[in-house]
2 protein chains.
Amino acid sequence: MAKNSDGGRGQDRTPERVPSGRQKLMEAALELAATTRSLASLGLREVARHAGLNPNTFYRHFKDFDDLGVAMLDELGTELRAGLREARMRPAQEGFKLSDFSNPAEGLAQAQALARESVGLVLDFVMDHREAYTVGIRELHGTSPVMRKAMQGLLDGIAVDMTEDLLGVLMLPAVSHEELLAVARVIVRQMVFFSMDYLEQPSRQADIKREAERFILLLFWGAIAARAPELLAAAKLKFPTI
Amino acid sequence: MAKNSDGGRGQDRTPERVPSGRQKLMEAALELAATTRSLASLGLREVARHAGLNPNTFYRHFKDFDDLGVAMLDELGTELRAGLREARMRPAQEGFKLSDFSNPAEGLAQAQALARESVGLVLDFVMDHREAYTVGIRELHGTSPVMRKAMQGLLDGIAVDMTEDLLGVLMLPAVSHEELLAVARVIVRQMVFFSMDYLEQPSRQADIKREAERFILLLFWGAIAARAPELLAAAKLKFPTI
DNA sequence: TGTCCACGTAGACGATTGTATACCTGATGC
DNA sequence: GCATCAGGTATACAATCGTCTACGTGGACA
């Protein structure tokens, strides 16, 4: 009775091939929200119409637009998070080794390559899921407290993943776990803006990519400089220019 | 004919004391948008009702909600920008001097004090204009291209101001104007998130303030480390812990 | 004194909205 | 073989919406 929003039963049961109503509604909502307006301000009838369904069908699957939004975010959010983790693991298996900063020049060069790889990864994902990204960020600062919390949770989760992965690959000297997490959260949030620019200014994509890399390196440089500045003197020449 | 949105004539002409319709509408829209929904999804009648005016009065002053939004942003945006500039000038007159980094320890300490002052400034402003800030950030990633551009322009303008002011106060070694501008833009954008946290988590305000200061210092550390790492070795002890 | 004009009001229009009630259908379980 | 039920439909209703046309002010200005 109070238990609503039937948690995606349709997906569990069907072989997940047929678009089956619920999916149609989510896709319609995504398309409409990306091109027209915010999720919360979408019309129930509008979405149903765009999905080719009867308005009342909406109630069969969702009780709210918050409900629908959370469902969409669960789906795409876990996809993003898993994609990022997997892709972050890939270079570690291929060519990367644990980079010990006892050889600063080499370690920092690897850090740069890793930053470049990660930035490209995120921006590619954003390009591939333009609609979902647009809507998601809209909700990040949007009206619905439910969606805001959910989006913030997703971003924080990504930051936690990134921290763990980085701890496995990089061995930063004297940078604590908490410090690294704080840096990761800052990076994730900044990537929100870089991604926006990337989508909105296709002609500047190469520049934006470089700016994002540079920002990340700057943060790590700063973190290291605060703890072990002597390591940086040797690697000065390696820092990318402007 | 095509020239619409009469640019605030009502304000110019009246002694600016009487709330005079146009102002009432803007205030009503601000309150409703802050508590209810996005600007673009507001009802024309709803706003007029909340302002105690006839629905059609809206047309006398604005043609759009974009129109109203831009008017509000002009008003509050210039207030914010001027307030920040003025407040950034204040410490320079009182106690601060041009900090030459030829004496690194002292210069970095001053940079830290300046970062603390600036962060406090922004967060105070956000607290004082909670509604406007909330609505503005909503529009930053919102549906209306007009409002998005306007908000992005405001943030970039603040970044430009900050760059100029910093160039006048700090003398960073070997950090070019463009680099400093890029850093300023990143800081401004990150402050959007810090401000959100600050408003949404009153119990963590002190922590958030410190995190923001630390982030800014980290960036400057990084920028300096990339150019003149030898300067940092001497100042290592001054960096704030965690 | 007469005439604009900016500002605000009044009433009405068709369109669209969210939601309630009722009916249909195919699969599932006993 | 029959009941149950999730998924989808049809119809209807009051409420709200944006916008149109028309009218009423008070002050500015000639």
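Checked against C/dG8, D/dG8, D/dC20, the side chain of B/T57 finds its nearest nucleotide in C/dG8.
If you measure from atom CZ of B/R49 to atom P of D/dT16, you get 7 Å, rounded to the nearest angstrom. In this structure, B/L53 atom CG and D/dG18 atom P are separated by 15 Å, rounded to whole Å. Taking atom CZ of A/R60 as the reference point, atom P of D/dA10 lies 13 Å away to the nearest angstrom. Note: CD (B/E46) to P (C/dT17) measures 17 Å, nearest angstrom. Between the CG atom of A/N56 and the P atom of D/dG7 there is a distance of 15 Å, rounded to whole Å. Atom NZ of B/K63 is separated from atom P of D/dT19 by 12 Å (rounded to the nearest Å). Atoms CG (A/N54) and P (C/dT21) sit 16 Å apart, rounded to a whole Å. One interatomic measurement links the two molecules: CZ of A/F62 to C1' of C/dG18, which rounds to 17 Å at whole-angstrom precision.
In this structure, the side chains of A/F58 and A/D67 stay at 4.5 Å or more apart for every pair of heavy atoms.
In the interface, the side chain of B/R45 is paired with the base of D/dG18 through a donor and an acceptor atom under 3.5 Å apart.
Regarding contacts with the backbone of C/dC7, every side-chain N or O of B/S20 stays at 4.0 angstrom or more from both OP1 and OP2. Taking only side-chain nitrogens and oxygens, A/H61 never comes nearer than 4.0 Å to OP1 or OP2 of D/dA6.
Under a 4.0 Å N-O distance rule, the pair A/R81/A/E86 does not qualify as a salt bridge.
With rounding to the nearest 0.5 angstrom, the CG atom of A/L154 is 9.0 Å from the OG1 atom of A/T78.
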